[in-house]
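Notes for the one structure printed next.
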Amino acid sequence: MQKANFLAIICMVALALLVTFQTGQAEAYGPDDLLKLSNQIQNETPGIDLKLKTEKPEYAIGEDVIIEFQADKDCYLALIDIGTSGNTIILFPNKWRPDNRIEKGKTYRLPPLGSDFSFRVMAPTGVEHIKALASVDPVLSKIGSLQEELKQPVETKAQTGSPSSGQVFLSMKDPGVVLKDIGLVFQKLDPSKWATKQVAFKIVEAAAPTATQPPAVTQTPT
């Protein structure tokens, strides 16, 4: 009898682990899933004129991306990058600029001029997306899942040849959960108090280094 009970308990534990594993698998988000969640956060009548752009429409792996953004109102802003691999990074706020309040009419550059850090393009190739979320009120600070990501950072590794601080931004552990929570909170806001903007850029293979030809040797006839 005891043996039968023991086997029954083992079966129940195994079943619970299987369900947990399957649930975890169901919650895994690929790049397309994350992009879909990001696209759902839209305001058809935004109350903030938000501008967002990259310096170029295309970057080779290993290049540094330059981003500029601006708003026509004082507001609170977050920049979220959805990489081609599904790795999702919080670009702003960051360790160098933890305050995410920006001033109206002022153009912000990431990284700022003279910075010792960079946002470097990494493989694989494809299309990368940056989402800007701005609100007049500091609602981003009230989104628990986002704040947890900021409190418990998983930093990207510095790349060889990068500036002294390297590329060190916060990689989200649960980007799907965060994007869902942001969507739920923002949809409840007065449309005149928030806006989003999205920009995409292409990642291509780095050009192969050109082989240097040795100088021709001229022989003087004897």
Side-chain angles (χ1 to χ4, degrees), residues 34-59 63-83 88-121 127-150 153 167-170 172 175-203:
L34 295 171
L35 186 57
K36 185 178 178 181
L37 288 171
S38 172
N39 290 338
Q40 288 172 357
I41 310 171
Q42 294 291 347
N43 183 352
E44 300 301 328
T45 54
I48 303 172
D49 183 14
L50 195 57
K51 292 181 172 60
L52 173 69
K53 68 176 184 177
T54 55
E55 189 179 43
K56 301 190 298 182
E58 181 176 293
Y59 290 87
E63 278 193 280
D64 292 338
V65 181
I66 305 296
I67 305 163
E68 287 187 354
F69 52 95
Q70 184 190 78
D72 69 339
K73 290 182 180 177
D74 291 345
C75 59
Y76 298 86
L77 180 136
L79 287 182
I80 296 175
D81 174 81
I82 301 173
T88 305
I89 298 170
I90 302 173
L91 295 174
F92 188 89
N94 53 53
K95 63 187 289 185
W96 303 274
R97 175 66 190 271
D99 179 10
N100 72 325
R101 187 176 184 276
I102 63 172
E103 298 174 18
K104 68 176 181 180
K106 181 177 178 180
T107 300
Y108 291 81
R109 184 183 185 273
L110 195 155
L113 289 170
S115 299
D116 60 352
F117 68 94
S118 64
F119 174 37
R120 184 154 295 178
V121 169
V127 179
E128 192 147 329
H129 299 264
I130 299 173
K131 182 86 169 186
L133 303 135
S135 62
V136 173
D137 300 320
V139 292
L140 289 164
S141 64
K142 299 172 186 176
I143 299 174
S145 56
L146 176 60
Q147 295 309 310
E148 283 303 311
E149 296 281 1
L150 292 169
Q167 174 175 305
V168 190
F169 290 96
L170 306 185
M172 288 190 184
V177 172
V178 174
L179 289 171
K180 281 183 177 180
D181 288 349
I182 291 173
L184 289 171
V185 170
F186 272 56
Q187 293 300 335
K188 294 175 183 176
L189 297 179
D190 180 342
S192 67
K193 293 189 174 182
W194 68 282
T196 67
K197 199 79 171 181
Q198 191 157 297
V199 67
F201 59 91
K202 192 175 180 182
I203 298 178

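Starting from 1, each residue takes its place in the sequence as its number.
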Applying salt bridge (Lys or Arg N to Asp or Glu O under 4.0 Å), can you list everything that pairs with Glu68, at least two apart in sequence or on another chain?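 Partners of Glu68 under the salt bridge (Lys or Arg N to Asp or Glu O under 4.0 Å) test: Lys53.
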Got a sec, which residues hit salt bridge (Lys or Arg N to Asp or Glu O under 4.0 Å) with Arg101, two or more places apart in sequence or on another chain?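 Listed in chain order: Asp74.
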About how many Å separate [atom2] of [Y] and [atom1] of [X], when rounded to the nearest 0.5 Å?
X      : Y      : atom1 : atom2 : result
Gln70  : Arg109 : CD    : CZ    : 15.0 Å
Ile89  : Ile82  : CD1   : CD1   : 11.0 Å
Ile41  : Lys180 : CD1   : NZ    : 11.5 Å
Leu110 : Asp81  : CG    : CG    : 10.5 Å
Ser115 : Asn94  : OG    : CG    : 9.0 Å

Phe69 vs Tyr108 aromatic rings, parallel, tilted or perpendicular, using cut-offs 30° and 60°?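 If you compare the ring of Phe69 with that of Tyr108, the planes turn out parallel.
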With a 4.5 Å cut-off on side-chain heavy atoms, are [Y] and [X] touching?
X      : Y      : answer
Ser38  : His129 : no
Leu50  : Thr196 : no
Pro93  : Asp99  : no
Phe169 : Trp96  : yes
Met172 : Ile80  : yes
Trp194 : Val139 : no
Leu79  : Leu52  : yes

Could you work out, with side-chain hydrogen bond (donor to acceptor under 3.5 Å, both in side chains) as the rule, every residue matching [X], not counting sequence neighbours?
X     : value
Thr45 : none
Glu63 : Lys56
Lys51 : Asp49
Lys36 : none

Pair listing, salt bridge (Lys or Arg N to Asp or Glu O under 4.0 Å) test, anchored in residues 132-146, at least two apart: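 Listed once each, the pairs are Asp137-Lys193.
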Of all residues at least two apart in sequence or in a different chain, which pass the side-chain contact (heavy atoms from CB on, under 4.5 Å) check with [X]?
X      : answer
Ile143 : Leu140, Ser145, Leu146, Asp181, Ile182, Val185, Phe186
Lys202 : Glu58, Val204
Ser192 : Asp190
Pro98  : none

Using atom types as modelled and distance alone, determine if a side-chain donor or acceptor of Asn100 lies under 3.5 Å from a backbone N or O of Leu77.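 Side chain of Asn100 to backbone of Leu77, a donor-acceptor pair under 3.5 Å: yes, one is there.
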Given 3.5 Å as the limit, does a donor-acceptor pair link the side chain of Lys197 with the main chain of Ala134, or not?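 Between the backbone of Ala134 and the side chain of Lys197 there is no qualifying donor-acceptor contact (under 3.5 Å).
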Just to verify, what does Phe201 make a ring-ring contact (aromatic ring centres under 6.0 Å, His included) with, not counting sequence neighbours?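 Applying ring-ring contact (aromatic ring centres under 6.0 Å, His included) to Phe201 gives Tyr59.
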Closest contact, heavy atoms only, [X] versus [Y]:
X      : Y      : answer
Pro112 : Phe117 : CD-CZ, 3.8 Å
Arg120 : Asp64  : NE-OD1, 2.7 Å
Gln198 : Lys131 : OE1-CD, 3.0 Å

What I want to find out is whether Asp72 reaches Lys104 closely enough, with some N-O distance under 4.0 Å, to be called a salt bridge.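 Result for this pair is no, no salt bridge flagged.
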